[in-house]
Engineer: 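Quick one: this structure, given as structure tokens, is what I'll be asking you about.
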Amino acid sequence: MENFKLEITHICKQSGARCGILHTPHGSVQVPMFMPVGTLATVKYLSPDDIKKIGSGVILSNTYHLWLRPGEDIVAKAGGVQNFMNYQGPMLTDSGGFQVFSLADSRKIKEEGVTFKSHLDGRALFLSPEKSIQIQNKIGADMIMSFDECIPYPATYEYTKNSVERTLRWAKRGQDAHERKHDQALFGIVQGGDFEDLRKHCAQELVKMDFPGYSIGGTSVGEDKATMYRMVDYTIKYLPEDKPRYLMGVGAVNDILEGIARGVDMFDCVLPTRIARHGSCMTSKGRINIKKAAYKDDFSPLDPNCDCECCKNHTKAYLNHLIRCNEGLAGRLLSIHNLRFLIQLTEKARIAINEDRFLDFKDEILEEYGFDERGF
RNA sequence: GCGGUCGUGGUGAAGUUGGUUAACACACUAGGUUGUGGUCCUAGCAUUGCGCGGGUUCGAGUCCCGUCGAUCGCC
């Protein structure tokens, strides 16, 4: 497809991190970037205007969730997910592979696809590579994902190997079923757990199929950070330089920085918005929990270095009050803040890459943040 | 004035024929949450303390007496 293309503008001489522009049918955005998650065609609590104001490049939505409610036909009838939610920016949908893994019961994986029970009402469902792509074709995001098996960690070599082979066959089937190659970029997803040869094999086979973008999957499923970074290392060297690389489900500050250092272009994660709804905030000085009694009478902004609507207009004392009272505005303001915080992080990262000092930048940020094992 | 019922943490309340660590929930305190179920998880949380003061008993929140308070009924 000619209207989807990654243009690499600079490669950091110090780290090898990349900077570029991703062109999509719904606009061009800069990478590396963090993509807010909008599962049900809404970034929880935020209006489309809010999403634009925080400087978000791409937002994510979910095949599995939209399939169940309201159904892909409704979304198609609305003119695609962008029209449905009245957000005219680049979007991406996950394939449902992860949701089948993470929230469905009674999962049975067969060559044909996966049977499982709905998390909403328990009814039996079936999702296959073809079905996932058909649904994503109807939803209409600019980037769509192959239907993969996201295996748990740890998994045995034997299980992982068989799963990778199946994920590769599924990738091919999805590619064959894809009917909107002209305006939807289908990404292949690299699995392979913590096994170097399986990651290599999976990446190389997907590259042979020539996808317009590649995702690194099977991360952030409970493994430790060193393992996650190793999975990225095992994978990324086999991916083509001129295609976008998306590290799925990763959104902790140190993980994003480590990913960028390794050449990742795109990240998404529920972390900033999920923790925001419960009062946890990412700030330049580290993570704080705004619910704490200590903030009851703290009339300073959440993060004086932040330019978001929340930090410019409100005090910690007010946020503390809102979250204690379970007021929706707390979720909105803190979601705006955490998302803006990560987006600002990527903006600063791009500057550092262009100045060939990304490794220094990474160390400075982590130092100031008070990096620990958890990484926020 | 007479009679009944009741009095356990910040709140609502369990506490069996009197028997070791006063259940549970909410609230509160401190953490967590990584391809989003507006969730969920973890830990802490009654100055040997059960309105107050006596008594019985090896042992009382649980029995007895007094007292204070709440509440209902009757004059």
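Within every chain, numbering begins at 1; the chains are lettered A, B, ... in the order of the sequence lines, protein sequences first and strands thereafter.
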Engineer: Between B:U39 and B:G44, how far apart are the two C1' atoms, rounded to whole Å?
Structural biologist: 22 Å
Engineer: Using atom CG of A:Leu334 as one end and atom P of B:U33 as the other, report the distance to the nearest whole Å.
Structural biologist: 16 Å
Engineer: Which whole-number value in Å describes the distance from A:Phe267 CZ to B:U34 P?
Structural biologist: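 Going from CZ in A:Phe267 over to P in B:U34 covers 17 Å.
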Engineer: Expressed as a whole number of angstroms, how long is the span from A:Asn320:CG to B:A30:P?
Structural biologist: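 Whole-Å distance recorded here is 9 Å.
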Engineer: Using a cut-off of less than 4.0 Å, is there contact between a side-chain N or O of A:Lys292 and OP1 or OP2 of B:G31?
Structural biologist: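 Affirmative; the distance criterion is met.
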Engineer: Distance between the P atoms of B:G1 and B:A46, in whole angstroms?
Structural biologist: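 It comes out at 41 Å once rounded to the nearest Å.
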Engineer: Consider the side chain of A:Lys44, meaning its heavy atoms from C-beta on, and name the nucleotide among B:G38, B:G35, B:U29 that approaches it most closely.
Structural biologist: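 Of the candidates, B:G38 comes closest.
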Engineer: Would you kindly give the CE-to-P distance between A:Met231 and B:U34, to the nearest whole Å?
Structural biologist: 15 Å
Engineer: Counting distance alone, no hydrogens or angles: does the base of B:U39 have a donor or acceptor under 3.5 Å from a partner atom on the side chain of A:His278?
Structural biologist: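 Checked by distance alone, the answer is yes.
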Engineer: Regarding A:Gly259, tell me which of base, sugar-phosphate or nothing describes its non-hydrogen contacts under 4.0 Å with the strands shown.
Structural biologist: nothing
Engineer: Quick one: A:Ile323 CD1 to B:U39 P, roughly how many Å, whole number?
Structural biologist: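 Rounded to whole Å, this separation is 11 Å.
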Engineer: Check this one for me: any side-chain N or O of A:Arg277 less than 4.0 Å away from OP1 or OP2 of B:U33?
Structural biologist: no
Engineer: How many whole angstroms separate atom CH2 of A:Trp67 from atom C1' of B:G35?
Structural biologist: 17 Å
Engineer: For atom P, what is the distance between B:G7 and B:C64, given to the nearest Å?
Structural biologist: 13 Å
Engineer: Could you check whether any side-chain N or O of A:Trp170 sits under 3.5 Å from a backbone N or O of A:Glu111, counting only pairs where one atom can act as donor and the other as acceptor?
Structural biologist: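 A pair under 3.5 Å: yes.
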Engineer: Can you tell me the distance, in whole Å, between the CE atom of A:Met248 and the P atom of B:G35?
Structural biologist: 10 Å
Engineer: Just compare B:U34, B:G38, B:G37 and give me whichever is closest to any side-chain atom of A:Leu271.
Structural biologist: B:U34
Engineer: Among B:G31, B:U34, B:G35, which nucleotide sits nearest the side chain of A:Asn289?
Structural biologist: B:G31
Engineer: Between A:Asn137 (side chain) and A:Glu179 (backbone), is there a donor-acceptor pair under 3.5 Å?
Structural biologist: yes
Engineer: Taking atom P in both B:U21 and B:G49, compute the distance separating them and give it to the nearest angstrom.
Structural biologist: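 Their P atoms lie roughly 13 Å apart.
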Engineer: Please pick, from B:U34, B:U29, B:G37, the nucleotide with the shortest atom-to-atom distance to any side-chain atom of A:Ala293.
Structural biologist: B:U29
Engineer: With sugar-phosphate meaning primed atoms plus P, OP1 and OP2, does A:Arg324 contact a base, only sugar-phosphate, or nothing at under 4.0 Å between heavy atoms?
Structural biologist: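 A:Arg324: backbone/sugar contact only, no base atoms under 4.0 Å.
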Engineer: For atom P, what is the distance between B:A30 and B:C72, given to the nearest Å?
Structural biologist: 41 Å
Engineer: Is there a donor and acceptor pair closer than 3.5 Å between the side chain of A:Gln191 and the base of B:G35?
Structural biologist: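 Donor-acceptor pair under 3.5 Å: yes.
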Engineer: For B:C50, what is the paired nucleotide under Watson-Crick or G-U wobble rules, both distances under 3.5 Å?
Structural biologist: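 In the structure as shown, B:C50 has no Watson-Crick or wobble partner.
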Engineer: Rounding to the closest angstrom, what is the interatomic distance between B:U17 and B:C52 at atom C1'?
Structural biologist: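 28 Å, rounded to whole Å.
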Engineer: Counting distance alone, no hydrogens or angles: does the base of B:U34 have a donor or acceptor under 3.5 Å from a partner atom on the side chain of A:Lys225?
Structural biologist: yes
Engineer: So, taking the atom named CD1 in A:Ile139 and the one named CG in A:Leu92, what distance separates them when rounded to the nearest 0.5 Å?
Structural biologist: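 A:Ile139 atom CD1 to A:Leu92 atom CG measures 11.0 Å (nearest 0.5 Å).
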Engineer: Measuring from atom NZ of A:Lys181 to atom CZ of A:Phe4, what distance do you get when rounded to the nearest 0.5 angstrom?
Structural biologist: 15.0 Å
Engineer: Return the pairing partner of B:G3 with a 3.5 Å limit on both distances, Watson-Crick or G-U wobble; otherwise return none.
Structural biologist: B:C72
Engineer: Figure out the CZ/C1' separation between A:Arg274 and B:C41, and round it to whole Å.
Structural biologist: 12 Å
Engineer: Do we see a donor-acceptor contact under 3.5 Å between the side chains of A:His10 and A:Asp356?
Structural biologist: yes
Engineer: Between B:G37, B:U34, B:U29, spot the one nearest the side chain of A:His65, thanks.
Structural biologist: B:G37
Engineer: Looking only at the aromatic ring of each residue, does the gap between the centers of A:Tyr238 and A:His201 stay below 6.0 angstrom?
Structural biologist: no
Engineer: Please confirm whether any donor atom in the side chain of A:Asn62 sits under 3.5 Å from an acceptor in the base of B:G35, or the reverse.
Structural biologist: no
Engineer: What nucleic acid atoms does A:Asp268 come within less than 4.0 Å of, heavy atoms only: base, sugar-phosphate, or nothing?
Structural biologist: sugar-phosphate
Engineer: If only side-chain N and O atoms count, and only distance matters, is there a donor-acceptor pair under 3.5 Å linking A:Asn162 with A:Arg166?
Structural biologist: no
Engineer: Could you tell me whether A:Ser95 contacts a base, only the sugar-phosphate backbone, or nothing, with contacts defined as non-hydrogen atoms closer than 4.0 Å?
Structural biologist: base
Engineer: Have a look at A:Ile189 and say if it touches a base, only the backbone sugar-phosphate, or nothing, with a 4.0 Å heavy-atom cut-off.
Structural biologist: base
